[in-house]
There are 2 protein chains.
Amino acid sequence: MPVTLKDIAERVGYSITTVSRALAGYDDVAESTRQLILRTAQEMGYRPDATARRLRTRRTDTIGFVIPTHGPRFSDPFFSELLAGIGNEAARWELDLLVSTRAPGEEEIKAYERMVTERRVDGLLVVRTRRQDPRIAYLLEKGFPFVAFGRSDLEVDFPYLDVDGRQGMRELTEHLISLGHRRIGYISAPLDLMFASHRLEGYKDALEAHGIVLDERLVLIGQLTEQSGYEAGRVLLGRREPPTAVIACNDLMALGVISAAQSLGLQVGRDVAVAGFDDIPLAAHAQPPLTTVRQPIYEIGRRICRMLVELLREGSLREPHVILRPRLVVRESCGSI
Amino acid sequence: MPVTLKDIAERVGYSITTVSRALAGYDDVAESTRQLILRTAQEMGYRPDATARRLRTRRTDTIGFVIPTHGPRFSDPFFSELLAGIGNEAARWELDLLVSTRAPGEEEIKAYERMVTERRVDGLLVVRTRRQDPRIAYLLEKGFPFVAFGRSDLEVDFPYLDVDGRQGMRELTEHLISLGHRRIGYISAPLDLMFASHRLEGYKDALEAHGIVLDERLVLIGQLTEQSGYEAGRVLLGRREPPTAVIACNDLMALGVISAAQSLGLQVGRDVAVAGFDDIPLAAHAQPPLTTVRQPIYEIGRRICRMLVELLREGSLREPHVILRPRLVVRESCGSI
DNA sequence: AGTATAATCCAAAACGTTTTGGATGTCAAG
DNA sequence: CTTGACATCCAAAACGTTTTGGATTATACT
């Protein structure tokens, strides 16, 4: 029922070839016939069949993106913003975006295999890189084009964009130290996540630079959710010698810490300082507003998508490794305002 | 370079047809040759080319989903949870999920046209239905399969799943009335959003049932973001005769209202009651925890995806209209605990 | 022996597009 | 009148799969 090139060809009395070439803008079609064909195609409501085109060109004009979700009730403003950035940039290049949601593990790598081996996409975006990241190892082995948000500890080269979490966290920690804090709690994410380990390094850097010995008991591992931040916050702040400040390695957990502090009757910003990382929109509207480190999530989504486009179009990247410097955003939750 | 049926056929010495049929499990292939073919395919790492298969079968095994994003910095936990539900269900059925992000309007409808007319997907998921929803009108006109999350006011029938927002909001409002509130502020979303107008109806129902005349000045329109809720909250609570309770038609705005109240020195739960709608994970961890109406977002994602699968497989739905009843969740932000 | 039945296989067409490698006709220059 | 250049057109192949409609051979039954 949909209109095909053949239908148009029959109508105008030219061959399929000529119709195809007229629509594609080749100059070996007479201007008059081109006009006729264009007009007829328009009238008949012709739209090229994406699948047929793909089979012939061997390009899908689609990029893949597997969102790492943890647990059934996954809800993270970070990813919706990142997705918006990626999606809007993809639209600019008329690329489709194929999305899967998988928890890290067996099924996740299968989702990658499916996209790659069944040639469903031209390239992939890999986010939240991990130690010895099996996704990156796999894609490199297959020679499949991708761009990662985040570095890796694999002894291999691949294109990535990353935020200097170590530097950002170091600045944040030093800011707290400059406010007089010495016992600073830290809620990390699981350390196989590269960004978590970078940020933890930044925290340690700052302590060391100021001669503060790291108290291992002040460092906990959370799961990046508000619930998890709440629980860790209760633990840290419920200690006999509680920290005077708590840093969470993402904003969602920091919001949980604020909640935990308040549930213990502490006033955040006065009795205890709290800080996060990301600067999700919610951070500015927390009560009190959350001190954090801003990484431009939406922009990052656009940039990695843009990099992938360049990689697919040109075959290589002029700038395959990009490190963005995040920016400290001081608000009231750390009490210095 | 990828292995094709032809490669296998040459290796095992059978025709492409036989290889194809062996892999597809037809019973007109001898058991011994089937084994040989299966083994060889495995060894050679054969994976069928998705594009070729699609062209032949005229099915894409892909469903489309256009996320309505507002403004560049779009970040909404509601959508990441919905997406997780949809994505996980789609994975169960081995369906690909094609995602676009567009602000409502011209570009949005083009995204639909692209998916439909270029046959990129087999069916679509439409979320956040609107008055005279042009997307639904378009899809019905094209006779294209879709399932909506939300009803419409169009004089037409289509498959949908919806939450009874009117009933939910009515219960919530009555709860506040039962606590003694008479001046209840209400922050709606733009009323062309069906859910917004349903929820507003529920609010009005409750007022009327208790003989409270609606004060138009207590009803504002927000944009569903925390920022927007904050601003509306400041307006309402800054009045000379401020309301004693404020309901926002989604949780994100309610969190903004809490923030606004606190910025005005009010203690939420004591000086003013605040309530929302959705029960996003953040709601339980707000300070104070947010009274809200729970709609099971993740489950809804799964359900609408499941419905679309049934529609595509069976050609029709046994239960084309589903209305879920939401559940009131009373927490401390309305002061009754 | 001949004939129906079953088991196993496959050539070819089809899906709708793009691209290759000419074919045909026209016109100007020699 | 021939030649070459140019403008315009198109048949056919190709992309990799699924499916149609038999073909072939072996087996079982009169």
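It should be emphasised that the depicted structure is a prediction, and the values quoted were computed from it without experimental measurement. Chain identifiers are assigned alphabetically (A, B, ...) following the order of the sequence lines, protein sequences preceding nucleic acid strands; residue numbering begins at 1 within each chain.
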Participant: Can B/R21 and B/D28 be said to form a side chain to side chain contact (heavy atoms under 4.5 Å, CB included), step by step?
Facilitator: CA-CA 8 Å; B/R21 294 183 74 82; B/D28 62 354; 3.1 Å; yes
Participant: Would you say the rings of A/F144 and A/Y112 are close, in the sense that their centroids are separated by under 6.0 Å?
Facilitator: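 Not close enough - the centres of the two rings lie 6.0 Å or further apart.
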Participant: Could you identify which residues of residues 52-63 of chain B place a heavy atom less than 4.0 Å from some atom of DNA chain C, listed by residue number, or say none?
Facilitator: B/L55, B/R56, B/R58
Participant: Atom CG of B/D49 and atom P of D/dA14: how far apart are they, to the nearest Å?
Facilitator: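 In whole Å, D/dA14 P lies 17 Å from B/D49 CG.
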Participant: When the distance from CD of B/E118 to P of C/dG16 is rounded to whole Å, what number comes out?
Facilitator: 15 Å
Participant: Look at all strands and tell whether B/S20 reaches a base, only sugar-phosphate, or nothing, counting heavy atoms closer than 4.0 Å.
Facilitator: base
Participant: How close or far is atom C1' of D/dT17 from atom CG of B/D7, stated in whole angstroms?
Facilitator: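 Whole-Å distance recorded here is 13 Å.
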Participant: May I ask you to verify if any side-chain N or O of B/Y26 is less than 4.0 angstrom from the OP1 or OP2 atom of D/dT20?
Facilitator: no
Participant: Using a strict 4.0 Å threshold on nitrogen-to-oxygen distance, state whether A/D153 and A/R131 make a salt bridge.
Facilitator: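 Salt bridge between A/D153 and A/R131, a charged N being under 4.0 Å from a carboxylate O: yes.
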Participant: Test your reading of the model: is there a side-chain donor-acceptor pair from A/D122 to the backbone of A/D61, 3.5 Å cut-off?
Facilitator: yes
Participant: Side-chain donor-acceptor pair under 3.5 Å between A/D76 and A/H70, yes or no?
Facilitator: no
Participant: Does atom CZ of A/R11 have more than 12 heavy-atom neighbours, drawn from other residues, nucleotides or ligands, at distances under 6.0 Å?
Facilitator: no
Participant: Decide, yes or no, whether a salt bridge links B/E89 with B/R92 under the criterion of side-chain N to carboxylate O below 4.0 Å.
Facilitator: yes
Participant: If I take atom CG in residue B/L23 and atom P in nucleotide D/dT19, what distance separates them, rounded to the nearest angstrom?
Facilitator: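 To the nearest whole Å, that distance equals 13 Å.
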Participant: How about A/Y298 and A/N88: does a side-chain donor come under 3.5 Å of a side-chain acceptor?
Facilitator: yes
Participant: Does the gap between the ring centers of B/Y160 and B/F158 come in under 6.0 Å?
Facilitator: yes
Participant: Anything under 3.5 Å between a protein N or O and an N or O of nucleotides 6-10 of chain D, put it in a table, one pair a line.
Facilitator:
{"residue": "D/dC9", "atom": "OP1", "partner": "A/Y14", "partner atom": "OH", "Å": "3.4"}
{"residue": "D/dC9", "atom": "OP2", "partner": "A/A30", "partner atom": "N", "Å": "3.0"}
{"residue": "D/dC9", "atom": "OP2", "partner": "A/T33", "partner atom": "OG1", "Å": "3.0"}
{"residue": "D/dC9", "atom": "N4", "partner": "A/D28", "partner atom": "OD2", "Å": "3.1"}
{"residue": "D/dC10", "atom": "OP2", "partner": "A/S15", "partner atom": "N", "Å": "2.9"}
{"residue": "D/dC10", "atom": "OP2", "partner": "A/S15", "partner atom": "OG", "Å": "3.3"}
{"residue": "D/dC10", "atom": "OP2", "partner": "A/T18", "partner atom": "OG1", "Å": "2.8"}

Participant: To the nearest angstrom, how far is B/L5 atom CG from C/dA14 atom C1'?
Facilitator: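 It is 15 Å, rounded to the nearest whole Å.
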Participant: Quickly work out the A/R119 CZ to D/dT17 C1' distance and round it to whole Å.
Facilitator: 11 Å
